[in-house]
Amino acid sequence: MDKFVIRGGNPLVGTIRVSGAKNSALPSMAAAILTEDEVILENIPQVRDIETERRLLTSMGAQIFQGEVAGDAPNSISISFRTLSDPVAKYEIVKTMRASSLVLGPLIARAGMARVAMPGGCAIGGRPIDLHIKGLEKMGATITQEHGYLEARAERLKGVHLVFDRITVTGTEDLLMAAVLAEGETLMENCAREPEVADLAALLTAMGAKIEGAGTSTIRVRGVSRLRGARYRINPDRIEAGTFLVAGAITGGDLIVTNCNASHLGAVIAKLEEAGARVEILGPDTVRVRGGKLRAANISTEEYPGFPTDMQAQYMALATQAEGLSTVEENIFENRFMHAQELARMGANIKVEGRTATVRGPAALSAAAVMCSDLRASASLVLAALVADGESILDRVYHIDRGYERIEEKLAGVGAQIRRMGNVFAPRNDETNAD
Ligand code: EPU
């Protein structure tokens with residue numbers, strides 16, 4: 001019964017705080033596999049994907065403490081892999097979270113073997129992991145596939161020259177974690193430049209890894225024989241921050257977004273300004289957004305530092321309120337427009353053709369019962385409901401709980417009329433093929 005009930009019409013006013021980045025926290029937790037020592041991570045968001053990763057690592061033998069038990073704030077986590085008893089990522093867990101494939105590289109590097117369930121498709125497209133496999137094979141792993149599992153073996157991985165056929169975020173992270181314990185030097189080219197890669201590299205460096213160039217397209221790693229424990233603070237979530245900036249702009253509010261990293265928000269801020277919102281960078285971790293008369297502007301998703309695919313759905317909600325014709329081009333994933341149909345049910349004027357959606361605005365949105373299909377699609381429906389006339393009911397909000405920490409409490413804190421019916425972390429049996 002996890003639903004949001006949202007009554008639209010209130011401008012959001014006040015201060016809203018950003019949590020730690022889910023997509024940094026997930027690889028960073030996997031990095032704990034690489035050492036027998038304790039890894040303490042701060043600023044971990046309390047979201048469902050983190051719970052899932054915690055279950056995954058525990059099933060492999062990790063001892064995990066969270067919050068006060070780790071002797072720190074509730075958002076810190078301590079992970080110890082003194083023994084890696086079972087280097088297996090089971091299908092029951094992998095099927096609910098594709099990022100589980102991030103354990104492949106670290107498991108081979110630490111244990112010389114791994115069994116990881118194939119993730120399968122997901123709501124936003126096929127999302128294969130062939131590039132992870134290709135890189136690990138080049139480093140000397142033998143990988144076979146049977147009964148839906150990848151089985152990988154390697155004595156010790158070897159440093160090699162890798163050029164990614166296409167840019168992949170978790171692929172870069174997975175191979176980076178493999179390379180840090182490999183023998184010799186690994187040169188990786190055409191790497192993802194996302195801040196989450198740099199975040200992971202900073203943690204690995206604190207653990208004793210020798211990495212140069214993370215955050216650029218060329219990363220050089222000198223393998224070491226052992227890594228130690230570390231304490232590391234995860235960067236703020238740039239997609240949560242971007243979502244709040246859109247929330248301020250779409251509701252015609254005045255919102256101060258704190259605890260973010262303004263330097264990671266360049267493409268999103270530039271586009272919001274082009275669309276008529278007033279954005280001010282008040283400091284390195286604080287951005288203010290005020291609504292203005294919204295006008296059409298086109299977006300085209302790209303790898304970082306381009307406009308993020310993870311903000312495409314939220315931007316589409318904004319475009320429904322902008323004067324004129326906006327085009328929204330999705331270049332990263334093949335099937336990431338599921339929110340368009342739901343937005344149309346609320347009265348948006350959207351046409352989807354292949355990779356491009358055209359949105360004619362402004363449309364007077366009217367509240368409706370809508371269905372969340374994936375994490376960012378859910379965020380776009382929340383944004384639309386905040387400006388729709390009447391009371392919307394969003395079903396399947398477990399999707400939003402995967403990546404936004406108590407979003408309803410944060411939005412209610414700045415004036416949104418939003419409430420949850422149900423329980424944030426109630427166990428679910430029907431979750432599959434998740435993004
Ligand atoms: N791809 C391949 N082969 C591979 C790997 C990727 O063909 O081996 C393709 C994918 O199918 C896709 C493109 O390459 O078309 C880019 O995929 P990428 O691997 O970069 O995506 P990802 O690493 O699986 C991460 C984020 C996503 C985010 C994308 C793009 C995590 C845990 N997930 O996914 O986040 O959309 O990068 O920036 O970091 C989200 O948070 O909502 C989310 C989906």
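Heavy atoms only: backbone and side chains are in, while hydrogens, waters and symmetry mates are out. In listed order, ligands and their atoms are each counted from 1.
- Where the criterion is an N or O separation shorter than 3.5 Å, residue side chain and backbone included, Leu131 meets it with respect to ligand 1.
- With ligand atoms numbered from 1 in the order given, ligand 1 contributes 12 (C), 13 (C), 15 (O), 16 (C) to contacts under 4.0 Å with heavy atoms of Ile332.
- Taking every non-hydrogen atom of Ala99 and a distance limit under 4.0 Å, the qualifying atoms of ligand 1 come out as 32 (C).
- Listed by number with element, the atoms of ligand 1 under 4.0 Å from a non-hydrogen atom of Thr309 are 30 (C), 36 (O), 38 (O).
- Heavy atoms from both the backbone and the side chain of Asp130 come within less than 4.0 Å of ligand 1.
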Taking distance alone, no hydrogens or angles, what donor-acceptor pairs closer than 3.5 Å link side-chain atoms of residues 211-219 to residues at least two apart or in another chain?
| unit_1 | atom_1 | unit_2 | atom_2 | d |
| --- | --- | --- | --- | --- |
| Thr216 | OG1 | Gly213 | O | 2.6 |
| Thr216 | OG1 | Thr218 | N | 3.3 |
| Thr216 | OG1 | Thr218 | O | 3.0 |

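- Every atom of ligand 1 with a heavy atom of Ile129 under 4.0 Å away is listed here by number and element: 4 (C), 8 (O).
- Close contacts between ligand 1 and Val169 involve ligand atoms 18 (P), 19 (O), 20 (O), 23 (O), 25 (C), 37 (O), 38 (O) [criterion: under 4.0 Å to a heavy atom].
- For the pair Arg17 and Asp285, the salt-bridge criterion is not met [side-chain N within less than 4.0 Å of a carboxylate O].
- Residue-environment remark: NE2 (His147) stays at or below the threshold of 12 foreign heavy atoms within 6.0 Å.
- For ligand 1 and Lys22, the ligand atoms under 4.0 Å from any heavy atom of the residue are 40 (C), 41 (O).
- For the residue pair Ser59 and Asp86, no side-chain donor N or O sits within less than 3.5 Å of a side-chain acceptor on the partner.
- The shortest heavy-atom contact between Met207 and Leu34 is CE-CB, 4.4 Å.
- Assignment of Gly171 to the shell around ligand 1 is not supported, since no heavy atom sits closer than 4.0 Å.
- Other residues, nucleotides and ligands contribute more than 12 heavy atoms inside 6.0 Å of the CZ atom of Arg110.
- Shown in contact with His132 at under 4.0 Å from a heavy atom are these atoms of ligand 1, numbered in order with element: 8 (O).
- For atom 19 (O) of ligand 1, the nearest non-hydrogen atom from the set Asp174, Thr168, Val197, Leu102 belongs to Thr168.
- Annotation: Glu194 places no N or O atom under 3.5 Å from an N or O atom of ligand 1; distance criterion only.
- Heavy atoms of Glu196 come nearer than 4.0 angstrom to ligand 1 in no pair at all.
- On a distance-only criterion, Thr170 and ligand 1 share at least one N/O pair closer than 3.5 Å.
- Ligand 1 has an N or O atom lying under 3.5 Å from an N or O atom of Pro128, backbone or side chain.
- Residue contacts with ligand 1 include Arg336, since one or more of its heavy atoms lies under 4.0 Å from the ligand.
- Sorted by first and then second residue, the salt bridge (charged side-chain N to carboxylate O under 4.0 Å, His left out) pairs involving residues 151-163 (not counting sequence neighbours) are Arg115-Glu151, Glu151-Arg153.
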